[in-house]
There are 2 protein chains.
Amino acid sequence: MLEIQGLIQVLKAEGYRVTQPRKRVLEALALAQRPVSPYDIQKMLLQEGSYLNHVTIYRILDLFCLLNLAHRVSLVGGFVKCTLGAKEGCHRFMVCRQCGVLREFADKALCEEENEIAQDLGFHTERHFSEFSGLCSNCQV
Amino acid sequence: MLEIQGLIQVLKAEGYRVTQPRKRVLEALALAQRPVSPYDIQKMLLQEGSYLNHVTIYRILDLFCLLNLAHRVSLVGGFVKCTLGAKEGCHRFMVCRQCGVLREFADKALCEEENEIAQDLGFHTERHFSEFSGLCSNCQV
DNA sequence: GGCTTAATGCAACATTGTTGCATTAACGGA
DNA sequence: TCCGTTAATGCAACAATGTTGCATTAAGCC
Ligand SMILES: [Mn+2]
Ligand SMILES: [Mn+2]
Ligand SMILES: [Zn+2]
Ligand SMILES: [Zn+2]
């Protein structure tokens, strides 16, 4: 699995252990194309016959967010797997208000423009996070 | 009170009643310069001797968010009073990771650039929401 | 395979959020 | 200014979500 390889890289690089629960939570995030809650993940995994305590799932998601392997998307609620390189400090999402489809993207130019805007107000930007709500190509007309 | 006048305008315009609880929640939001939870608001109001049921506060915040009188800011957690015109579809925040200071802003050019980016991916944008994390002018050494 | 210790499981708890229905008060009209 | 209508609030009971401390397990290293 390609997903898992990336996980292993990041965890090892940061000195964390590559555990079964962590692999399973990542798989669940990858499988779910939309934001899911910790309890959603627990249910998903139960379907496949594997049980994880909810506390464990919370802790794993905390770690994933710390490592930018996942994000909590506020517009919709719930967590999503980060589909872009970790540690970028730029995490952006388009969410379709109709069907709920979510797509992550990044944009360097946007970051720079935002940095300038912030600078003008005396603010030094470190992390960029944005969410667009609208309609995906399928849901238009 | 200037705040309250705006509230009255918006509520009446949309056919909602101007109630004591709604006025009190807005005052609390205005008073708190940082994001506050529904229960935070309840505590704040208790200090001043007025009790509101938490269910009421939730419903009022739901309404305020619907009318863009308030926002839920995910980076920090909790609600803030919208300091800009409602109904813009563009709500952006800078949050200082050090002191928690939060400042709302809007930027038309940013919206247009974002619209284009989304367009290129087949997505039609309706609402722009973004959060920067960094350091405010005070907290930069 | 055994040791060390990070990670997980578990229990108990705390906080946050929701629903249905009775009661209250906003507000337009008499 | 009072009254009737009905939106909004309060209340109770519940559901979902999130947290902490400690016992147990298993990942990684030799
Ligand atoms: Mn990301
Ligand atoms: Mn706003
Ligand atoms: Zn869609
Ligand atoms: Zn600051």
Side-chain angles (χ1 to χ4, degrees), chain A residues 4-5 7-29 32 35-46 48-67 69-80, chain B residues 4-5 7-29 32 35-46 48-67 69-80:
Chain A
I4 300 299
Q5 286 315 310
L7 178 74
I8 292 173
Q9 300 303 318
V10 176
L11 288 181
K12 285 199 169 166
E14 302 291 330
Y16 296 99
R17 294 185 181 175
V18 180
T19 66
Q20 290 304 318
R22 284 173 182 164
K23 289 196 267 184
R24 290 197 192 112
V25 169
L26 186 79
E27 279 177 7
L29 283 175
V36 284
S37 74
Y39 287 95
D40 288 338
I41 293 172
Q42 191 176 48
K43 280 169 210 150
M44 290 177 68
L45 292 175
L46 270 182
E48 298 163 12
S50 82
Y51 168 80
L52 284 189
N53 189 277
H54 70 279
V55 179
T56 302
I57 299 174
Y58 274 98
R59 297 199 266 227
I60 289 174
L61 288 172
D62 282 348
L63 179 66
F64 282 8
C65 286
L66 185 75
L67 301 175
L69 292 166
H71 301 285
R72 159 165 258 158
V73 179
S74 66
L75 220 59
V76 192
F79 294 84
V80 291
Chain B
I4 299 299
Q5 287 314 311
L7 178 74
I8 292 173
Q9 301 302 317
V10 176
L11 288 182
K12 285 200 167 164
E14 302 290 331
Y16 295 100
R17 295 183 180 176
V18 180
T19 67
Q20 289 304 318
R22 283 173 183 166
K23 288 197 268 185
R24 289 199 194 111
V25 168
L26 187 79
E27 279 176 8
L29 283 176
V36 284
S37 73
Y39 287 95
D40 289 338
I41 292 173
Q42 190 176 48
K43 279 170 211 150
M44 290 177 68
L45 293 175
L46 270 181
E48 298 164 11
S50 83
Y51 168 81
L52 284 189
N53 189 279
H54 70 277
V55 179
T56 302
I57 299 174
Y58 275 98
R59 296 198 268 228
I60 289 174
L61 288 172
D62 283 348
L63 179 65
F64 282 8
C65 285
L66 185 73
L67 300 174
L69 292 166
H71 299 286
R72 161 164 256 160
V73 179
S74 66
L75 219 58
V76 192
F79 294 84
V80 291

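Chain naming here is simple, since letters A, B, ... match the order of the sequence lines and numbering starts at 1 in each.
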query = With respect to the side chain of A/His54, which nucleotide from C/dT8, C/dG17, D/dT19 is positioned closest?
reply = D/dT19
A/Leu63 side chain near A/Arg22 side chain, heavy-atom distance below 4.5 Å = yes
request  = Report the nucleotide, chosen from D/dT6, C/dT8, D/dA27, that has the shortest atom-to-atom distance to any side-chain atom of A/Arg17.
outcome  = D/dA27
request  = Provide, to the nearest angstrom, the distance between the CD1 atom belonging to A/Ile57 and the C1' atom belonging to C/dG9.
outcome  = 12 Å
query = Are OP1 or OP2 of C/dA25 and a side-chain N or O of B/Thr19 less than 4.0 angstrom apart?
reply = no
message = Rounded to whole Å, how long is the line connecting atom NZ of A/Lys23 with atom C1' of D/dG28?
response = 13 Å
ask   = For C/dT16, does OP1 or OP2 lie under 4.0 Å from any side-chain N or O of B/Arg72?
value = no
request  = With the side chain counted from C-beta on, respond yes when B/Leu61 and B/Ile41 share a heavy-atom pair under 4.5 Å apart, and no when they do not.
outcome  = yes
ask   = Given that B/Val18 and B/Ser37 both sit by DNA chain C, which one's nearest nucleotide is further toward the 5' end?
value = B/Ser37
message = Please report the distance, rounded to the nearest Å, between CZ in A/Arg22 and P in C/dA6.
response = 11 Å
ask   = Hey, does A/Tyr39 reach any base, or is it just sugar-phosphate, or nothing, if we go heavy atoms under 4.0 Å?
value = base
query = Less than 4.5 Å apart, any side-chain heavy atom of A/Leu45 and any of A/Tyr51?
reply = no
key: Minimum heavy-atom distance B/Gln42-B/Leu52, with the two atoms named   = NE2-O, 2.7 Å
query = Do A/Val25 and A/Phe79 come within less than 4.5 Å of each other through their side chains, counting heavy atoms only?
reply = no
note = On DNA chain D, more 5' by nearest nucleotide between A/Pro38 and B/Tyr51 is B/Tyr51
task = Name the nucleic acid region contacted by B/Val55, choosing base, sugar-phosphate or nothing; use a 4.0 angstrom heavy-atom cut-off, strictly under.
result = base
ask   = Is there a side-chain contact between A/Leu11 and A/Leu67 (heavy atoms, below 4.5 Å)?
value = yes
inquiry  = In this structure, how many angstroms lie between the C1' atom of C/dT15 and the CD atom of B/Gln42, rounded?
reply    = 12 Å
request  = Flag the pair B/Ile4 / B/Glu27 as yes when at least one side-chain heavy-atom distance between them is below 4.5 Å, and no otherwise.
outcome  = yes
message = Roughly what angle, to 10°, lies between the helix axis at the start of the helix from C/dG1-D/dC30 to C/dA30-D/dT1 and the one at its end, five pairs per end?
response = 50°
key: Interatomic distance where CG belongs to B/Asp62 and P belongs to D/dA8 [whole Å]   = 13 Å
ask   = For the residue pair A/Tyr58 and A/Tyr39, does the interplanar ring angle fall in the parallel (under 30°), tilted (30 to 60°) or perpendicular (over 60°) class?
value = perpendicular
query = Between B/Leu11 (CG) and C/dC27 (P), how many Å, whole number?
reply = 9 Å
task = Looking at every strand, decide which applies to B/Arg59 at a 4.0 Å heavy-atom threshold: base, sugar-phosphate, or nothing.
result = base
note = Taken to the nearest whole Å, CD/A/Gln20 to C1'/C/dG9 is 16 Å
Listed nucleotide nearest any side-chain atom of B/Thr56, set D/dG10, C/dC10, C/dT8 = D/dG10
remark   = Between CG of B/Leu63 and C1' of D/dA7 the distance, given in whole Å, is 12 Å
